[in-house]
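Everything below concerns the one structure shown next.
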Number of protein chains: 2
Amino acid sequence: MSARTSDSSREIPEATVARLPIYLRALTTLVEQGTATCSSEELAAAAGVNSAKLRKDLSYLGSYGTRGVGYDVDYLRYQIAREIGVTQDWPVVIVGIGNLGHALANFSGFRSRGFRVVALLDADPERRGERVAGVDVRDFADLDAIVREHGVAIGVIATPASAAQDVADRMVEAGISSILNFAPTVISVADGVDVRKVDLSIELQILAYHEQRKQAEATTRVASEVTA
Amino acid sequence: MSARTSDSSREIPEATVARLPIYLRALTTLVEQGTATCSSEELAAAAGVNSAKLRKDLSYLGSYGTRGVGYDVDYLRYQIAREIGVTQDWPVVIVGIGNLGHALANFSGFRSRGFRVVALLDADPERRGERVAGVDVRDFADLDAIVREHGVAIGVIATPASAAQDVADRMVEAGISSILNFAPTVISVADGVDVRKVDLSIELQILAYHEQRKQAEATTRVASEVTA
DNA sequence: ACGATTTTGTTCTCCCGTTCACAAACTCCT
DNA sequence: AGGAGTTTGTGAACGGGAGAACAAAATCGT
Ligand SMILES: NC(=O)c1ccc[n+]([C@@H]2O[C@H](COP(=O)([O-])OP(=O)(O)OC[C@H]3O[C@@H](n4cnc5c(N)ncnc54)[C@H](O)[C@@H]3O)[C@@H](O)[C@H]2O)c1
Ligand SMILES: NC(=O)c1ccc[n+]([C@@H]2O[C@H](COP(=O)([O-])OP(=O)(O)OC[C@H]3O[C@@H](n4cnc5c(N)ncnc54)[C@H](O)[C@@H]3O)[C@@H](O)[C@H]2O)c1
């Protein structure tokens with residue numbers, strides 16, 4: 001028997017995967033408000049998307065709604081959490097405990113959303129011994145042991161850009177196969193390793209581009225009104 | 001004469017706009033290394049994209065390369081910077097000076113990439129008087145005055161999610177028209193205002209999804225090898 | 001029991017973005 | 001000068017995602 005497609009064979013489009021966490025969050029808010037059911041229209045509004053898109057996204061997971069009624073908030077929330085994989089807890093290591101690393105280590109959203117910081121690592125001996133949010137800062141050289149011990153699959157890079165590629169290489173070597181990179185540099189990894197980046201400067205520059213356009217637009221409008 | 005399209009009328013696709021900052025960074029690195037010219041192949045490799053895509057992206061800005069030679073690194077860098085709008089300096093305000101706000105205020109990448117933090121604002125009186133990276137933490141109520149004084153167009157939200165929508169509303173009211181939101185919540189704004197979000201939890205959850213897939217895949221592969 | 005009403009799940013169409021492939025344009029060497 | 005070699009800029013084909021629109025399925029009221 002050929003197991004060509006895996007048993008949970010539904011292939012979920014990347015664009016949909018990126019939105020599932022948003023739906024999950026919106027549903028969690030609804031649960032906290034005591035809402036039992038909601039329509040695709042309501043949930044879409046809460047998530048800031050088109051309702052047709054929401055329904056299509058959910059249809060990739062299965063048929064969890066009831067026509068004429070809507071979705072059971074708690075049930076749908078569980079189904080999405082299961083699909084994403086956050087019903088289990090993911091151990092995470094953070095490398096580079098400077099300004100940003102401290103903020104990340106203190107970030108409560110990790111724990112509450114299915115992630116657990118099992119180690120904080122830094123190359124600088126000065127940093128060590130410090131305790132951030134209940135976790136000791138340890139030597140970067142301990143990476144292998146920690147990954148093996150906790151079965152860590154996800155690593156966060158918060159070092160300067162110059163160190164990011166090296167850290168990524170060491171992570172992959174240690175067995176990590178998903179990396180979230182905060183350093184402003186492109187890192188390359190072997191096939192099968194996922195890298196996502198969070199880049200403040202890029203986001204600001206995108207905003208600046210549109211801002212410039214808006215301002216140019218406003219200027220030419222005024223100019224043309226004057227000449228009219 | 002109808003000024004239907006603005007004078008710099010080239011409409012740059014959103015996907016391209018999002019990549020221009022990456023090219024800009026790669027070019028800056030090349031300049032620092034003393035490289036005078038580079039081919040689309042080299043630059044694409046540095047930026048982590050396909051070279052055909054790079055060339056098409058650059059073609060929206062104009063024809064700045066030389067066939068058979070490549071691109072003049074410094075010239076192209078300037079052209080991209082101008083197109084994005086980072087040849088001028090953009091004043092920025094950060095609201096919510098907690099863990100993350102401190103890290104952002106200390107982030108050197110702001111200054112070096114065409115942005116200047118002109119104010120740090122917090123609603124908590126306890127925070128005030130503190131000086132972070134040479135800027136005083138001030139009352140959130142001062143927002144209007146600061147925006148007017150410095151002509152601020154870009155605002156960064158680093159408050160808890162519960163305050164984000166309110167902060168966004170106040171920002172827009174004050175005249176800000178581009179917002180970078182770090183709070184894990186959807187904020188809605190009037191037409192003409194751009195919002196971009198940076199969301200750590202979402203990024204981690206996307207990684208978790210793929211990680212789960214990889215692990216399931218590995219398990220079924222082992223299983224089928226055993227039965228084979 | 002049955003029609004009116006609501007809301008999902010899905011099909012169909014359009015558009016944007018990616019990639020291939022190649023002619024045009026430039027350099028360099030003889 | 002001219003041909004060989006390189007590299008850009010772009011036309012064309014292709015794939016995936018967004019949104020409109022609607023049939024199917026459920027509830028509710030009578
Ligand atoms: N601070 C921010 O708000 C912010 C925002 C966006 C991006 N970033 C990026 O995040 C990264 C970290 O920023 P930061 O402000 O925290 O910098 P930082 O200098 O305060 O901290 C960097 C830390 O990484 C450690 N480090 C350096 N090399 C290392 C290595 N090879 N292995 C392990 N640890 C190593 C250093 O000892 C230091 O503690 C930078 O790349 C920065 O550009 C920061
Ligand atoms: N710490 C992180 O690494 C991290 C990562 C991702 C996202 N976030 C998000 O960023 C936000 C800030 O995180 P944090 O860890 O810095 O939280 P924090 O509680 O340390 O800081 C929040 C700050 O916002 C201020 N504030 C609250 N309401 C305000 C208002 N109405 N106007 C102005 N200021 C107000 C508070 O006084 C406080 O100083 C949160 O939404 C968090 O979920 C944080």
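Just the heavy atoms: all of them, side chains too, but no hydrogens, waters or symmetry mates, feed the values below. Below, read A as the first sequence line, B as the second, and so on, with proteins coming before strands; counting in each chain starts at 1.
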Check your understanding: With sugar-phosphate meaning primed atoms plus P, OP1 and OP2, does B:Tyr60 contact a base, only sugar-phosphate, or nothing at under 4.0 Å between heavy atoms?
Key -> nothing
Check your understanding: Checking side-chain contact (heavy atoms from CB on, under 4.5 Å) for the pair A:Phe110/B:Ser201: CA distance, chi angles, key distance, verdict?
Key -> CA-CA 7 Å; A:Phe110 268 114; B:Ser201 309; over 6 Å; no
Check your understanding: Has the side chain of A:Lys56 got a donor or acceptor atom sitting under 3.5 Å from an opposite partner on the base of C:dT10?
Key -> no
Exercise for review: Find out whether B:Tyr71 and B:Glu42 are in side-chain contact, i.e. whether some heavy atom of one side chain is under 4.5 Å from a heavy atom of the other.
Suggested key: no
Point to revise | Rounded distance (Å) that lies between atom P of D:dT7 and atom CG of B:Leu76 | key: 16 Å
Practice item. Pick out which of B:Thr185, B:Val195, B:Val167, B:Leu180 makes a side chain to side chain contact (heavy atoms under 4.5 Å, CB included) with B:Ile157. Key: B:Val167
Review point. Contact class for B:Glu14 (heavy atom, under 4.0 Å): base, sugar-phosphate, or nothing?
Key: sugar-phosphate
Point to revise | Gap between atoms CD and P, on A:Glu42 and C:dT7 respectively (whole Å) | key: 8 Å
Exercise for review: Can you tell me the distance, in whole Å, between the CD atom of B:Glu41 and the P atom of C:dC20?
Suggested key: 11 Å
Review point. Less than 4.0 Å between a side-chain N and a carboxylate O, is that true for B:Arg213 and A:Glu11?
Key: yes
Review point. Ignoring hydrogens and angles, does a donor from either the side chain of B:Lys53 or the base of C:dG17 sit under 3.5 Å from an acceptor on the other?
Key: no
Practice item. Find the distance B:Leu43:CG to D:dG9:C1' and express it as a whole number of Å. Key: 15 Å
Point to revise | Nearest-angstrom distance from the residue atom CD1 of B:Ile12 to C1' of C:dC16 | key: 16 Å
Check your understanding: Nearest of D:dT27, C:dT8, C:dT18 to any side-chain atom of A:Arg67?
Key -> C:dT8
Study note, to complete from the structure: 5'-most contact on DNA chain D (nearest-nucleotide basis), A:Arg55 vs B:Asp57, goes to B:Asp57
Check your understanding: Hey, which of these two, B:Ser40 or A:Ala52, hits DNA chain D nearer its 5' end, going by closest nucleotide?
Key -> B:Ser40
Exercise for review: Report the distance from atom CG of A:Asp72 to atom C1' of C:dT8, rounded to the nearest whole Å.
Suggested key: 15 Å
**Study point:** Note, B:Val92 side chain near B:Val118 side chain (heavy atom, < 4.5 Å)
**Key:** no
Check your understanding: Reckon A:Ser63 has a side-chain N or O less than 4.0 Å from the OP1 or OP2 of C:dG9?
Key -> yes
Study note, to complete from the structure: Checking D:dT8, C:dT8, D:dG17 against the side chain of B:Ser39 (C-beta onward), the nearest is D:dT8
Check your understanding: Please give, in whole Å, the distance from C:dC16 C1' to B:Glu11 CD?
Key -> 13 Å
Point to revise | Options D:dG17, C:dG9, D:dT10, nucleotide nearest the side-chain atoms of B:Ser59 | key: D:dT10
Exercise for review: Quickly work out the B:Leu58 CG to D:dT7 C1' distance and round it to whole Å.
Suggested key: 13 Å
**Study point:** Per A:Tyr71 side chain, nearest of listed nucleotides C:dG17, C:dC26, C:dG9
**Key:** C:dG9
Review point. If only side-chain N and O atoms of A:Asn50 are considered, is one of them under 4.0 Å from the OP1 or OP2 phosphate oxygen of D:dA20?
Key: yes
